[in-house]
Amino acid sequence: DNRVVSSQVAEETVRQLCTLAALKKAPRYVSFFRRIVNPENEPVARNQSLVLQVLLENDAALVLFNENAGIQRRQQLIEEREALPEEERTSEEGELLYHMELIQLAAECAYGLNASAEMFVRELVPISELMRHLTLPDLPLSLRDSYFMIFAEAYLITERPVTHLF
């Protein structure tokens, strides 16, 4: 059972993988985190909180593209990717894919009713940055979906009421 195995992942393993993610910016590490926080679409609250806590402790692992400079950088990466021939766009590596996996991970960590994880996601993606991303006209659909899921799961459908957004 994937859920049972996922719930047994050691904290030290999560920390080591986060260190590798920070060094290599390889999406496969973030993809692993996605598999252990939400195996078979059943959230593991312990893992949601643990993964977010470890990520927040390691700034080098966070590629969020916030603020104007970050948003411009992400748009540049999107344009560069779109300029590639179709067969080269399927790469499983790169800063843009790492970012997309990370935002999807944040959304999946907010899934379900876990006040601790919701708080960590709100720290990772404050409402002002979330709204900035959601109102961008050229945001790729997969990222828009992830940001909407963060909005719904971390700000609207929460275990505890959100009283202060700004």
Side-chain angles (χ1 to χ4, degrees), residues 6 9 13-39 41 43-44 47-112 114 117-156 165:
S6 293
V9 173
T13 301
V14 172
R15 290 190 180 283
Q16 289 173 346
L17 288 173
C18 185
T19 299
L20 287 171
L23 289 172
K24 299 183 183 233
K25 301 293 188 284
R28 66 182 171 270
Y29 298 111
V30 182
S31 181
F32 172 78
F33 290 149
R34 288 181 53 204
R35 286 182 178 84
I36 67 168
V37 300
N38 200 15
N41 210 27
V44 178
N47 290 358
Q48 288 174 312
S49 298
L50 175 62
V51 166
L52 287 166
Q53 179 182 352
V54 169
L55 283 170
L56 284 165
E57 290 171 1
N58 191 341
D59 285 343
L62 301 176
V63 178
L64 299 174
F65 294 123
N66 287 336
E67 301 178 357
N68 290 336
I71 289 171
Q72 289 173 354
R73 172 71 179 139
R74 180 180 59 206
Q75 188 58 38
Q76 176 189 0
L77 291 171
I78 290 169
E79 289 169 4
E80 288 171 4
R81 183 181 171 127
E82 289 175 354
L84 293 173
E86 188 68 35
E87 61 274 3
E88 292 181 36
R89 290 187 206 170
T90 59
S91 171
E92 296 290 323
E93 297 298 320
E95 188 179 14
L96 180 61
L97 187 56
Y98 181 86
H99 165 70
M100 294 172 81
E101 285 283 331
L102 190 63
I103 298 303
Q104 182 60 37
L105 171 65
E108 291 180 18
C109 283
Y111 181 72
N114 178 347
E118 293 162 358
M119 178 192 69
F120 285 135
V121 170
R122 288 192 297 267
E123 185 178 338
L124 190 66
V125 188
I127 190 74
S128 58
E129 286 297 329
L130 180 63
M131 290 298 111
R132 183 186 306 211
H133 290 289
L134 284 173
T135 57
L136 292 171
D138 297 332
L139 190 68
L141 187 57
S142 60
L143 271 173
R144 188 172 306 278
D145 288 347
S146 296
Y147 282 118
F148 268 120
M149 187 172 170
I150 290 171
F151 180 60
E153 296 292 338
Y155 290 95
L156 297 179
L165 292 179

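None of the values given here were measured: they were computed from a predicted structure. Keep in mind that the numbers below use all heavy atoms, side chains included, and drop hydrogens, waters and symmetry copies.
- Of the possible donor and acceptor atoms, one in the side chain of Y155 sits under 3.5 Å from a partner among the backbone N and O of I127.
- Summarising the geometry, atom OG1 belonging to T19 is positioned 12.0 Å from atom NZ belonging to K24; distances are rounded to the nearest 0.5 Å.
- Checked against ring pair (Phe, Tyr, Trp, His ring centres under 6.0 Å), F33 has no partners two or more places apart in sequence or in another chain.
- Between the side chains of R132 and S128, no donor N or O sits under 3.5 Å from an acceptor N or O.
- No donor-acceptor pair under 3.5 Å is formed between the side chain of Y111 and the backbone N or O of M149.
- For the pair L64 and H99, the tightest heavy-atom approach, listed with the atom from each and the gap, is O-CE1, 3.2 Å.
- A donor-acceptor distance shorter than 3.5 angstrom exists from the side chain of K25 to the backbone of A60, with no hydrogens or angles considered.
- R73 pairs by the side chain to side chain contact (heavy atoms under 4.5 Å, CB included) definition with F65, Q76, L77, E95, not counting sequence neighbours.
- When all heavy atoms are compared, the tightest approach of S146 to Q104 is OG-OE1, 2.5 Å.
- L62 has its side chain within reach of L102: a pair of non-hydrogen atoms, C-beta onward, lies under 4.5 Å apart.
- Side chain of T13 to backbone of V9: no donor-acceptor contact under 3.5 angstrom is found.
- No side-chain heavy atom of V44 sits under 4.5 Å from any side-chain heavy atom of I36.
- Considering all non-hydrogen atoms of both residues, S49 and A117 come closest at OG-N, 3.6 Å.
- The side-chain hydrogen bond (donor to acceptor under 3.5 Å, both in side chains) check on Q72 picks up nothing, with sequence neighbours excluded.
- In terms of heavy-atom proximity, N47 sits nearest to S6 at ND2-O, 2.7 Å.
- The backbone N or O of E129 sits nowhere less than 3.5 Å from a side-chain atom of N66 that would complete a donor-acceptor pair.
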Which is it for R15 and N58 under the side-chain contact (heavy atoms from CB on, under 4.5 Å) test, yes or no, and what are the steps along the way? CA-CA 9 Å; R15 290 190 180 283; N58 191 341; over 6 Å; no

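- Between N38 and P43, the shortest heavy-atom contact is OD1-N, 3.2 Å.
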I78 vs D138, side-chain contact (heavy atoms from CB on, under 4.5 Å): CA-CA, chis, key distance, verdict: CA-CA 10 Å; I78 290 169; D138 297 332; over 6 Å; no

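- Ion pairing of E101 with R28 is absent here, as no side-chain N (NZ or NE/NH1/NH2) approaches a carboxylate O to less than 4.0 Å.
- Taking both residues in full, the closest heavy atoms of A154 and E118 are given as CB-O, 4.3 Å, listed atom of the first, atom of the second, then distance.
- Judged by distance alone, the side chain of R144 and the main-chain N or O of L134 form a donor-acceptor pair under 3.5 Å.
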